[in-house]
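Down below is the structure, laid out as structure tokens.
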Amino acid sequence: MKEISDAISESIKLAEAESGVLSTGAKENLFKYAAMFAAKNRAVQSREDRVAMSRYAAQARARDFQLSPGDVNNYDINFMLAYLDAHRSLDLISEKKLDDIMMFMTAEFKPLIQKA
């Protein structure tokens, strides 16, 4: 949980640095930083692998947003899911471990990103 929370905090700083403020649009797209931090935290060096992680995570979020458009406003959850999906893309963590993390995070996670 700390790793994902730290990644969210760093992503907020990056988004704020780009526009000076954390706008609603920036919050909605914050999940796009998740794969970058997942790659960094797993020491993924290959550019090809980092791109694959980002693509997989972004595509998974896009599919979910098509099914449930309102989910775009669940900023923290979207980041967490993208972070975990990035791991799934390269099989960096077992499916069982991902499920365990997801269950724990869903029960224990405290939102860091304020709703608009």
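Side chains included, hydrogens not; waters and symmetry mates left out as well; all remaining heavy atoms used.
Atoms CD and CG, on Glu28 and Asn74 in that order, are 10.5 Å from each other to the nearest 0.5 Å. A distance of 12.0 Å separates CG in Asn73 from OG in Ser68, rounded to the nearest 0.5 Å. The line from CG of Asn41 to CG of Leu92 is 11.0 Å long, rounded to the nearest 0.5 Å. The structure places CD1 of Ile101 at 10.5 Å from CE of Met80, a figure rounded to the nearest 0.5 Å.
Under the 4.5 Å side-chain heavy-atom criterion for ILVMFWY residues, no single connected hydrophobic cluster contains both Leu22 and Val72. No continuous path of hydrophobic side-chain contacts links Leu90 to Val51 [ILVMFWY only; heavy atoms under 4.5 Å].
Judged by distance alone, with hydrogens and angles left aside, the side-chain atoms of Asn78 form a donor-acceptor pair with the main-chain N or O of Asp71 at under 3.5 Å. A donor-acceptor distance shorter than 3.5 angstrom exists from the side chain of Ser46 to the backbone of Asp49, with no hydrogens or angles considered.
Nearest approach of Ala86 to Ser89, heavy atoms of both residues: O-OG, 2.6 Å. When every heavy atom of Arg88 is checked against every heavy atom of Tyr56, the shortest pair comes out as CD-OH, 3.3 Å. Across all their heavy atoms, Ala57 and Asp85 have their closest contact at CA-CB, 4.0 Å.
Each of Tyr83, Phe65, Tyr75 was evaluated against Phe31; a single residue qualifies, Phe65, per the ring pair (Phe, Tyr, Trp, His ring centres under 6.0 Å) test.
Between the side chains of Tyr33 and Glu10, no donor-acceptor pair is found at a separation under 3.5 Å.
A distance of 6.0 Å or more separates the ring centres of Phe79 and Phe37.
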